[in-house]
Asker: 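Structure in structure tokens, see below.
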Amino acid sequence: MQRGCSPAPSCTVSPPAPSCLLRARRNLDCRDEAAADDGGRRAAELAKWRRVVRLLAATGGPYDPDADAVVQEELAEDRRREEAERQRRQEQQRVADRADELAPASGGTA
């Protein structure tokens with residue numbers, strides 16, 4: 001494997017050569033025919049690699065997810081989703097608690 005082809009978070013090698021992108025494209029092309037209709041996954045993978053290569057070329061240093069705007073946007077979206085889910089569960093619990101409070105009062109009037 002050529003140095004610089006794997007953009008791992010701890011990668012400290014020089015930015016990948018364009019040949020790494022070509023090899024990545026060939027590897028993706030060589031996948032079995034069932035992956036031909038992958039719903040855009042191949043294009044997304046290539047776009048990710050291009051973005052990482054540009055980031056490495058711009059910084060001249062190791063890959064840093066903290067400096068990757070796309071990664072940071074994805075993390076922020078994950079946090080927003082988790083917060084919305086937490087709030088939804090809290091509201092469900094409040095409704096259930098209120099139903100429990102009202103249940104004994106309505107039980108004797110039927």
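Residue numbers run from 1 in the order of the sequence given.
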Asker: Test of understanding: with salt bridge (charged side-chain N to carboxylate O under 4.0 Å, His left out), list the residues that count as partners of D78, not counting sequence neighbours.
Answerer: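 Salt bridge (charged side-chain N to carboxylate O under 4.0 Å, His left out) check on D78 returns R81.
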Asker: Between V53 and Y63, is a side chain to side chain contact (heavy atoms under 4.5 Å, CB included) present by the stated rule, with each step listed?
Answerer: CA-CA 9 Å; V53 167; Y63 175 75; over 6 Å; no
Asker: With rounding to the nearest 0.5 angstrom, report the CD to CD distance, Q90 to E85.
Answerer: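 That separation rounds to 11.0 Å.
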Asker: Could you pull out all residues at least two apart from A58 that satisfy side-chain contact (heavy atoms from CB on, under 4.5 Å)?
Answerer: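 Not a single residue meets the side-chain contact (heavy atoms from CB on, under 4.5 Å) criterion with A58.
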Asker: Looking at D68 and L55, what are the two nearest heavy atoms and their distance?
Answerer: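 Looking at all heavy atoms of both residues, the shortest contact is CB-CD2, 3.9 Å.
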Asker: Assess whether a salt bridge exists between R80 and E83, defined as any Lys/Arg side-chain N lying under 4.0 Å from an Asp/Glu carboxylate O.
Answerer: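 Here R80 does not pair with E83 in a salt bridge, since their nearest N and O are not under 4.0 Å apart.
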Asker: Let me confirm one number: the CG-CG distance from D97 to L102, rounded to the nearest 0.5 Å.
Answerer: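 Atom-to-atom, D97:CG and L102:CG are 11.0 Å apart.
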Asker: State which residues pass salt bridge (charged side-chain N to carboxylate O under 4.0 Å, His left out) with R54; sequence neighbours excluded, sorted by chain then number.
Answerer: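 Per chain and number, R54 pairs via salt bridge (charged side-chain N to carboxylate O under 4.0 Å, His left out) with no residue.
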Asker: Q93 vs R89, test: side chain to side chain donor-acceptor pair (under 3.5 Å). Steps then yes/no.
Answerer: CA-CA 6 Å; Q93 187 61 49; R89 280 183 296 203; over 6 Å; no
Asker: What's the separation between atom CD in E45 and atom CZ in R50, rounded to the nearest 0.5 Å?
Answerer: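 These two atoms lie 11.5 Å from each other.
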Asker: Got a sec, which residues hit side chain to side chain donor-acceptor pair (under 3.5 Å) with E73, two or more places apart in sequence or on another chain?
Answerer: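 So E73 forms no side chain to side chain donor-acceptor pair (under 3.5 Å) with any residue.
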Asker: Check side chain to side chain donor-acceptor pair (under 3.5 Å) between E82 and all other residues, then give those that pass, not counting sequence neighbours.
Answerer: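 Counting only residues at least two positions away or on another chain, E82 forms no side chain to side chain donor-acceptor pair (under 3.5 Å).
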Asker: Sequence neighbours excluded, which residues qualify as salt bridge (charged side-chain N to carboxylate O under 4.0 Å, His left out) partners of E91?
Answerer: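 Partners of E91 under the salt bridge (charged side-chain N to carboxylate O under 4.0 Å, His left out) test: R94.
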Asker: Could you go step by step and tell me if E74 and E77 meet the side chain to side chain contact (heavy atoms under 4.5 Å, CB included) rule?
Answerer: CA-CA 5 Å; E74 290 171 352; E77 180 61 30; 5.7 Å; no
Asker: Between Q72 (side chain only) and P65 (backbone N and O only), is there a donor and an acceptor less than 3.5 Å apart?
Answerer: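 It does hold such a pair.
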